[in-house]
Protein chains: 2
Amino acid sequence: MRDAAEALGAKFQAWQAAAFDETRCPVRNLLDRIGDRWSTLLLANLASGPQRFSALARAVPDISKRMLTQTLRTLETDGFVHRDVQPTVPPSVTYSLTPLGRSFATPLLGLVEWAEANFADVCAARARMAEAA
Amino acid sequence: MRDAAEALGAKFQAWQAAAFDETRCPVRNLLDRIGDRWSTLLLANLASGPQRFSALARAVPDISKRMLTQTLRTLETDGFVHRDVQPTVPPSVTYSLTPLGRSFATPLLGLVEWAEANFADVCAARARMAEAA
DNA sequence: CTGAATCCTATGCGATACTG
DNA sequence: CAGTATCGCATAGGATTCAG
């Protein structure tokens with residue numbers, strides 16, 4: 001197969017010739033959603049199984065309740081997670097990945113693995129630039 | 001091989017037990033950088049070959065000069081792109097992917113392909129939620 | 001042509017307090 | 001427990017102008 005960079009480049013050249021409208025471009029649309037600080041973290045945590053609201057809050061200690069709710073709502077409307085409310089007292093709400101959400105684990109895992117493998121190189125590059133300045 | 005969601009979940013469970021410090025977590029660090037509106041777009045455009053500043057500005061019509069410069073600088077300090085300045089008059093600056101930047105094309109392509117393949121499903125989910133409200 | 005500098009606005013996000 | 005409502009700040013990022 002061709003080099004990934006070539007394939008990626010070709011793809012974008014084809015796009016910008018035709019429809020580069022940000023509302024229609026799937027990639028820009030996706031990145032505008034899951035490109036925030038929390039979406040990917042929550043998806044990664046939900047990948048290990050359904051979790052309750054408070055469990056997610058503990059798993060991602062530095063998220064506020066506000067952002068946890070908001071991010072989960074966005075992920076729900078985009079079809080990544082399913083929200084299951086048990087009408088008990090006190091209420092119990094369980095979040096889980098939908099099939100769509102699970103399928104997203106594949107590209108996300110690719111990103112995570114790249115980050116792990118190349119983080120040292122990125123840090124080295126930063127150190128070089130810092131020293132040059 | 002195991003399911004990607006399982007692998008992703010296991011990875012994050014192992015992490016949050018140990019070092020979930022955002023300054024050290026490679027994934028959070030990476031996403032804080034290329035999770036913005038422009039980084040991935042520029043990387044994708046550079047994937048098709050070296051480009052000059054003005055060519056990139058044309059390729060991504062809705063980026064301001066300010067953000068184009070700033071984003072390219074960040075990508076440069078992180079070792080994704082190389083900046084080649086020709087000291088002519090007027091100056092000519094060419095940006096190209098480093099080997100690190102090229103290697104990132106692989107996971108990015110995975111993300112792009114997922115977005116293309118599943119965008120319709122995401123839109124359908126949004127439509128369902130909009131109608132339910 | 002490739003920026004740097006300045007100004008301004010929009011909004012992401014945290015903190016806190018309240019509710020069923 | 002699982003939110004909602006309100007406030008306020010810090011930052012992303014556009015528009016414009018200046019410079020080498």
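Side-chain atoms are counted along with the backbone in the values below, which use heavy atoms only and exclude waters and symmetry mates. Letters A, B, ... mirror the listed sequences (proteins, then strands); counts begin at 1.
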Run the side chain to side chain contact (heavy atoms under 4.5 Å, CB included) test against A:A115 and tell me which residues pass, sequence neighbours left out. B:P26, B:V27, B:L30

Identify the heavy atoms of A:N118 and B:L100 that sit nearest to each other, and give their distance. ND2-CD1, 3.5 Å

side-chain hydrogen bond (donor to acceptor under 3.5 Å, both in side chains) partners of A:R33, counting only residues at least two apart: A:D78

Check whether B:T74 reaches the backbone of B:Q70 with its side chain - one donor and one acceptor, N or O, closer than 3.5 Å. yes

Residues that A:E6 engages under side-chain hydrogen bond (donor to acceptor under 3.5 Å, both in side chains), provided they are two or more places apart: none

Tell me every residue that passes side-chain hydrogen bond (donor to acceptor under 3.5 Å, both in side chains) with A:D84, counting only those two or more places apart in sequence or in another chain. A:Q86

Minimum heavy-atom distance between A:A59 and A:N45, given as atom pair plus value: CB-OD1, 3.5 Å

DNA chain C: A:W38 or A:P91, which has the more 5' nearest nucleotide? A:W38

Taking only residues two or more places apart in sequence, or in another chain, which ones meet A:T40 in a side-chain hydrogen bond (donor to acceptor under 3.5 Å, both in side chains)? none

Between which nucleotides of DNA chain C, read 5' to 3', does contact with chain B run, using atoms under 4.0 Å from its heavy atoms? C:dC1 to C:dT6

Between the opening five pairs and the closing five pairs of the helix from C:dC1-D:dG20 to C:dG20-D:dC1, how far apart are the helix axes, to 10°? 40°

Salt bridge (charged side-chain N to carboxylate O under 4.0 Å, His left out) pairs, two or more places apart, involving residues 40-61 of chain B: none

Could you list where the contact with chain B starts and ends along DNA chain D, reading 5' to 3', using a 4.0 Å heavy-atom cut-off? D:dG13 to D:dG20

Contact list for residues 94-106 of chain A, test side-chain hydrogen bond (donor to acceptor under 3.5 Å, both in side chains), sequence neighbours left out: A:R83-A:Y95, A:R102-B:D3, A:S103-B:W114

Going by heavy atoms closer than 4.0 Å, what residues in residues 65-74 of chain B are next to DNA chain C? B:K65, B:R66, B:T69, B:R73

Would you mind checking if B:R28 and A:D62 are paired as a salt bridge, meaning a charged N to carboxylate O distance below 4.0 Å? yes

Write out all pairs satisfying ring pair (Phe, Tyr, Trp, His ring centres under 6.0 Å) with one or both partners inside residues 28-55 of chain A, taking only residues at least two apart or from two chains. none

